[in-house]
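We name chains A, B, ... by the order of the sequence lines, and we start the count at 1 in each one.
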Amino acid sequence: MGAKGVIKKGEYFDSVTLMNVARRLGAVAGVTDSAVVMGTAANKSILKNSGLLLPEFAGAGDTDLLIAVQAGTETALADALRKADAYLKESRRGSSAKGGLRASSLDGALALLPGANLAVVSVAGRYAGGLAMDCLQKGLSVMLFSDNVPLETEVELKRFARDRGLIVMGPDCGTAIIHGVPLAFANAVRRGSVGVVAAAGTGLQEVTTLVSNEGVGISQGIGTGGRDVKTAVGGIAFLQGLDFLAADPQTKVIVLVSKPPDPDVLEKITARAAGIGKPMVAVFLGGDPAALGQGRISAFATLEAAATAAVFLAKGQGIEKSSEYLARRHERIWELAKLDRSRKKASQKYIRGLFSGGTFCAEAQVVLGPIVGAVHSNAPLQGHPKLEDPLRSVGHTVVDLGEDEFTVGRPHPMIDYSLRDKRILAEARDPETSVILLDVVIGYGSHPAPLDELGPVVREAIAVADGAGRHLSVVCSVTGTDADPQNRSLVAKGLEAAGAAVLPSNAAACRLAGEIVRGGEHHV
Amino acid sequence: MIASPPSLEVRSVGERVLPGRYSLHSGFAAAANYVSGDGLFCIVSLAAGPGPFSLVADGPFPELWPGTAVVEPGLLRLGTAGVPLPPGRRYDGRISCDPADAPALRKCLIPLREALLRSAPERSAAFLIEPSRDAAFASPSGREYAAALREGVVKLLGPDPASGARRIRGLGPGFTPAGDDLLCGYLGAGLIAEKVLGLDLRETREAVGREAQGGNPLSNSSLRCAVDGCFADKFRDLILACLGRPGRPLESCVEAILELGATSGADLAVGFFLAARRFSGEAAHGC
């Protein structure tokens, strides 16, 4: 007979839900008793008397949820704890469904909200095109979250929308901020004068949060979907977004975010930009800024640099000021790296980057390339080698965990950390690993309590390496704001307490990782 | 191309909602609790009704609430959105009563008990007024819980109320544990008994209020309000019905209060009933 339990911080349920979960757990084969309660002293006393007070509950407080199970076998314990989690999630889904009026059809939704003029479509790809077209025909612009929408459908939808003064953001558009409203994976940012058009979801999140965290706000964040800047689509939504920001009186500075557009699309963007009398900065990740920054557009190599330039422009200062600002940040990074570098063993040579955001994985290659040379990746940019087996790192490796090989049959890694957690520990055991590089993306739609899951894993990874006599550096960025439900500062502090170095941007985190393993002289 | 979104409309502002910058503590489908130090305010749906530290709002409730809220004179800032606070719609949860209400208070006890037994949820604290309801707590830990709550309530209603409060504060599953809700009910009945029955309960109420404070900001705010005689709308209606005031009939008020939380309303009403019965001399110590 044994007992096991877990603490869930910041999760609140009503008493009937918790009692029902406990009752259902009691019905799990092999379970003799269970309790699901808040961690108050009185409840701990009950658990103690029932033989369910576990040592790990000692530090739990009044607003922590405790799940304790007593069972005859290890298997039954594990099964019950897994089911507890599922039952709680189930109840959450049930309660949210009761939270307000829900429509079961597009017409029903329009009847509930007659003034609506934007629909978010998130259904299986094969149905998404038809539903998006229904929305357009009813006069609604569309944010098409779904992926696996055929290219020809995307083109048809976007042309249809453009001809009617509507826009289709997507497919595979995960982020947008429209009139201050975050849609899908987005963040609670300040409102302000910087408008963003992005063909990269996490890129849009990074730029908008960096701008917001520097005290400047966002007027609009318009997503387009990554394929929009390819020749086949012709940049239809990207150009519409640009036109919208040009006409928007709130927008004083425009930021363009994408992987390098196809040449003909870039030409169209450049031509359109020539007629816009607002400062414009761009980051076309993986492209040559000198070649891509044409006409009125100032192009930068990283999201951080573009966002910082936009901040200084919005404040009425020159772009050169932003370069000075970042140069000072690089100095501090170099100092930090020097400290870590001196504690490494000779075998610790490599960076292992595990990214939940594809754009961050690309940015890592952009930043690390000049510092450490070739970086293997399952999503390599030009000039970097393809990782033969995405599950096994080779030399310097950065992995995009959002790629299909990792996401089939499981939630996106911004929501489900389990795969990355395992990989972090595997990399920590590798004697060649010097730095584990992570992105942590918070905000709406992302993991609601990243610290609960990632904090213990970071601690364990560092301890695993330490046990083998190695100093492991865990370097990460937290994309988000303090106004996000998870609160960026709290997440960052928690990760630091776990032993990670938390940098203000993904580019800065990559730079620190690179400088730790570089071992050479100071380059700013 | 795309218009501003519809926003919440605030219908009433509790008198304890104070200006300041708050952080999200907990969010539910139809309620969100924001804290700032010891202070707290809640945004609740129309169905929950007004309360001393509630903003009652009409409109689409977000499933994910913004992490920060700023209350300013006339304005609530939720994340990046601003919601006007209507002037002149301050909710005042105090009750005016005097010894003339004593007969009605005594008379309400039987129908109140019957109404609670008819409608209170199976797993609420109503087992304290009807022992056969213990069956709902059959597991070993469930039995422990029921026994602890009973033991604490016996002390609360006996000669050592502060010790009883210590025993049951934070006791029970759920975001606001049953013990905390019972204590709010007890404190409400204590204040009414002071005014209506002429008992000197001030020190007792204050001691219980002090001992009942724990680590749950929502419970703590409710308990402070109950000590001060400042009640949520549904609890206030129930008390007024118990005092025989014109308005909603007692049965309807019981039904309304039972809608609060999963068992919170029932636990609150049970606490009120047990204490009112004790203070009016209708029951000996204990339950």
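With a 4.5 angstrom heavy-atom cutoff, A/S34 touches chain B only via backbone atoms. Looking at A/D248, neither its backbone nor its side chain comes within 4.5 Å of chain B, counting heavy atoms on both sides. Contact annotation for A/A41: neither backbone nor side-chain heavy atoms come within less than 4.5 Å of a heavy atom of chain B. Heavy atoms closer than 4.5 Å to chain A are found nowhere in B/R143, neither backbone nor side chain.
Enclosure of atom CZ in B/R77 is not indicated, since only 12 or fewer non-hydrogen atoms of other residues, nucleotides or ligands lie within 6.0 angstrom. The environment of CD in B/Q213 is crowded: more than 12 heavy-atom neighbours from other residues, nucleotides or ligands sit within 6.0 Å. Atom CZ of B/R118 sits in a crowded spot, with more than 12 heavy atoms from other residues, nucleotides or ligands closer than 6.0 Å.
With sequence neighbours left out, A/Q486 forms a side chain to side chain donor-acceptor pair (under 3.5 Å) with no residue at all.
Of the residues considered (A/V37, A/N43, A/L52), A/N43 shows the highest number of contacts with chain B, using heavy-atom pairs under 4.5 Å. Chain A forms the most heavy-atom pairs under 4.5 Å with one residue out of B/G214, B/G172, B/A138, B/G261, and that residue is B/G172. Of the listed residues A/L47, A/N487, A/D482, A/V189, the one with more heavy-atom pairs under 4.5 angstrom with chain B than any other is A/V189.
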Evaluation steps, ring-ring contact (aromatic ring centres under 6.0 Å, His included), between B/F41 and B/Y34: CA-CA 5 Å; B/F41 82 91; B/Y34 285 89; 5.5 Å; yes
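Contact annotation: the side chain of A/M169 never approaches that of A/K158 to less than 4.5 Å [non-hydrogen atoms, C-beta and beyond].
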